[in-house]
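Worksheet: the structure to be examined is printed underneath.
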Amino acid sequence: MGVLNPRSGGIYVDATVGTGGHSEEILKFISSEGRLIGIDRDIEALKMAQKRLSDRRVILKRGNFSDMKSLLSEHGIFEVDGILFDLGVSMLQLKDSERGFSFTSDRRLDMRMDRHQEFSAWDVINKYPEKELDRIFREFGEEHFAKKISKAIIRLRGKKTIDTCSELSEVVQRAYGRRGRIHPATRTFQALRIEVNRELDELRAGLDSSLRLLKKAGRLCIISYHSLEDRIVKHFIADSSKKGLLKVIIKKPIVPGPEELRSNPSSRSAKLRGAERI
């Protein structure tokens with residue numbers, strides 16, 4: 001909480017509330033006069049957060065953090081003291097085989113963070129033309145075998161639809177022809193998740209919204225987990241700093257130490273960046 005620096009009586013936004021872990025910590029610092037607004041597009045996560053954060057200071061909103069400004073205005077909140085983005089996919093989503101995020105799942109390809117949304121990973125894999133598949137695997141997955149994988153998908157689609165996560169995983173593994181340190185389907189599944197949920201567009205819009213909401217000296221903290229997100233965050237902070245809108249408070253991103261890695265191995269790629277509104 002050091003970078004966010006939550007203060008007594010402050011108003012804070014947990015833009016990716018998930019099951020409420022970060023919010024629970026923020027509440028310890030903001031006194032009885034403070035307020036916390038938690039936003040998430042995953043209704044299942046919000047239900048769990050509601051149980052965990054049973055507190056009159058908390059407002060939970062279902063929606064995209066790109067719509068943060070309008071979501072807060074519904075409650076008469078037009079400026080805040082701090083905003084936290086934790087951009088990681090929650091373990092709740094990854095472990096729920098029904099959600100279709102995991103390449104080991106035998107369930108239908110899905111990957112929707114908002115289950116009210118109709119468009120899913122199944123639509124991408126079974127409807128996108130080869131060039132579009134190649135593009136998203138390269139751009140969003142930084143996948144070196146993008147062309148080979150997209151060709152393999154199109155080839156199988158000529159015979160049948162690709163319905164489950166494990167089916168797609170097998171296609172990718174055959175295209176690779178080998179196993180490395182990480183699972184061959186990791187980058188493909190990342191690319192699909194980003195495409196289905198428009199994650200990078202949402203991030204850009206959410207960061208822009210944060211500038212319009214932060215009070216002077218308000219803190220912005222972002223935890224990213226892959227280079228695409230971190231690049232957007234880094235450039236946003238640098239550009240806003242040049243325009244005199246933000247002040248960098250962490251010159252180099254904070255990464256997990258050995259103790260945190262032992263207790264939480266999934267945090268190994270996390271990078272925390274922070275800035276302050278001028």
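Numbering of residues begins at 1 and proceeds along the displayed sequence. Side-chain atoms are counted along with the backbone in the values below, which use heavy atoms only and exclude waters and symmetry mates.
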Donor-acceptor pair, side chain of Lys148 and main chain of Ala175, under 3.5 angstrom
yes

Search all heavy atoms of Arg273 against all heavy atoms of Ile250 and return the closest pair with its distance.
C-CD1, 4.0 Å

Where is the tightest heavy-atom contact between Leu109 and Ile162, given as atom of each residue plus distance?
CD1-O, 3.6 Å

Treating Ile, Leu, Val, Met, Phe, Trp and Tyr as nodes and any side-chain heavy-atom pair under 4.5 angstrom as an edge, say whether Val13 and Leu245 lie in one connected cluster.
yes

Using side chain to side chain contact (heavy atoms under 4.5 Å, CB included), reason through Phe29 and Leu4 one step at a time and then give a plain yes or no.
CA-CA 11 Å; Phe29 295 90; Leu4 186 64; over 6 Å; no

Test your reading of the model: is there a side-chain donor-acceptor pair from Arg41 to the backbone of Gly63, 3.5 Å cut-off?
no

Could Asp201 and Arg198 be called an ion pair, given the rule that one side-chain N must be under 4.0 Å from one carboxylate O?
yes

Examine distances only and state if a side-chain atom of Asp81 and a backbone atom of Gly218 form a donor-acceptor pair shorter than 3.5 Å.
no

Passes side chain to side chain contact (heavy atoms under 4.5 Å, CB included), Met68 versus Phe85? Steps please.
CA-CA 12 Å; Met68 196 186 322; Phe85 293 84; 3.6 Å; yes

When rounded to the nearest 0.5 Å, the distance separating CD1 of Ile11 from CG of Leu214 is 12.0 Å

Donor-acceptor pair, Glu33 side chain versus Gly10 backbone, under 3.5 Å?
no

Does the side chain of Ile232 come within less than 4.5 Å of Arg204's, by heavy atoms?
yes

Do we see a donor-acceptor contact under 3.5 Å between the side chains of Tyr225 and Asp230?
no

Separation of Arg52 CZ from Leu60 CG (nearest 0.5 Å):
12.0 Å

4.5 Å side-chain heavy-atom contact, Lys234 and Lys271:
no

Does the side chain of Glu202 pick up a donor-acceptor pair with the side chain of Ser66 at under 3.5 Å?
yes

SG on Cys221 to NE2 on His22, rounded to 0.5 Å:
10.0 Å

For Leu133 versus Val124, what's the shortest heavy-atom pair and its separation?
CD2-O, 3.6 Å

Does Lys160 NZ have over 12 foreign heavy atoms under 6.0 Å away?
yes

Look only at the side chain of Ser150 and the backbone of Ala146, and say whether a donor-acceptor pair between them is shorter than 3.5 Å.
yes

Heavy-atom side-chain contact between Val172 and Phe145 under 4.5 Å:
no

Tell me, do His183 and Phe103 make a side-chain contact under 4.5 Å, heavy atoms counted?
yes

Take atom NZ in Lys247; do more than 12 heavy atoms of anything else shown fall under 6.0 Å from it?
no

NE2 of His226 to CG of Leu87: how many Å apart, nearest 0.5 Å?
8.0 Å

Considering all heavy atoms of both residues, which atom of Gly274 and which atom of Val3 are nearest to each other, and what is their separation?
CA-CG1, 4.0 Å

Any chance you could lay out the side chain to side chain contact (heavy atoms under 4.5 Å, CB included) test for Arg135 and Glu195, step after step, and finish with the verdict?
CA-CA 11 Å; Arg135 181 188 66 80; Glu195 174 70 9; 4.1 Å; yes

More than 12 heavy atoms from other groups under 6.0 Å of NE2 on His144
no

If only atom types and distance count, is the side chain of Ser70 paired as donor or acceptor with the main-chain N or O of Asp67 below 3.5 Å?
yes

Arg138/Asp134 ion pair, N-O < 4.0 Å:
yes

Could you tell me whether Arg57 sits above the aromatic face of Tyr12, with NZ or CZ closer than 6.0 angstrom to the six-membered ring centre and within 45 degrees of the axis?
no

Joint hydrophobic cluster, Leu246 plus Val248, side-chain heavy atoms closer than 4.5 Å:
yes

Determine whether more than 12 heavy atoms belonging to other residues, nucleotides or ligands lie under 6.0 Å from atom NZ of Lys61.
yes

State whether the number of non-hydrogen atoms from other residues, nucleotides or ligands found under 6.0 Å of Glu74 atom CD is greater than 12.
yes

Which value, rounded to the nearest 0.5 Å, describes the distance between Arg231 atom CZ and Leu200 atom CG?
10.0 Å

I'd like to check Phe78 versus Leu213 (side-chain heavy atoms, cut-off strictly below 4.5 Å). Are they in contact?
no

Without swapping roles, check the side chain of Ser105 against the backbone of Arg107 for a donor-acceptor pair under 3.5 Å.
yes

Ile278 and Phe236: same hydrophobic cluster, using ILVMFWY side-chain contacts below 4.5 Å?
no

When you compare the side chains of Asp14 and Ser23, does any donor N or O come within less than 3.5 Å of an acceptor on the partner?
yes

Exam field: side chain Thr186 to backbone Ile182, donor-acceptor pair closer than 3.5 Å
no

Do the side chains of Val80 and Lys215 get nearer than 4.5 Å, heavy atoms only?
no

Restricting to salt bridge (Lys or Arg N to Asp or Glu O under 4.0 Å), what partner residues turn up for Lys28, sequence neighbours left out?
Glu25

Side chain to side chain contact (heavy atoms under 4.5 Å, CB included) between His75 and Ile37: does it pass, once the steps are laid out?
CA-CA 10 Å; His75 296 270; Ile37 302 89; over 6 Å; no

Cluster link Val255 to Ile222, ILVMFWY, side chain under 4.5 Å:
no

Side-chain heavy-atom pair Arg219, Pro6 within 4.5 angstrom cut-off:
no

Side-chain donor-acceptor contact under 3.5 Å, Glu142 with Ser227:
yes

So does Gly76 get a backbone contact from the side chain of Ser73, meaning a donor-acceptor N/O pair under 3.5 Å?
no

Polar side chain donor-acceptor pair, Asp163 to Trp122, under 3.5 angstrom
yes

Salt-bridge present (Arg115, Asp42; N to O < 4.0 Å)
no

Rounded to the nearest 0.5 Å, what separation is found between the NZ atom of Lys131 and the NZ atom of Lys147?
8.5 Å

Got Arg157 and Thr161 here, is their nearest side-chain heavy-atom distance under 4.5 Å?
no

How close do Ser31 and Gly9 get, heavy atom to heavy atom, and via which atoms?
OG-N, 3.2 Å

Is the number of heavy atoms from other residues, nucleotides or ligands under 6.0 Å of Arg35 CZ greater than 12?
no

Applying salt bridge (Lys or Arg N to Asp or Glu O under 4.0 Å), run through Arg112 and Asp110 and close with a yes or a no.
CA-CA 6 Å; Arg112 293 169 299 161; Asp110 192 335; 2.7 Å; yes

Cut-off 3.5 Å, side chains only: do Ser166 and Asp106 have a donor facing an acceptor?
yes

Could you tell me which non-hydrogen atom of Ile154 sits nearest to which non-hydrogen atom of Tyr128, and how far apart they are?
CD1-O, 4.1 Å

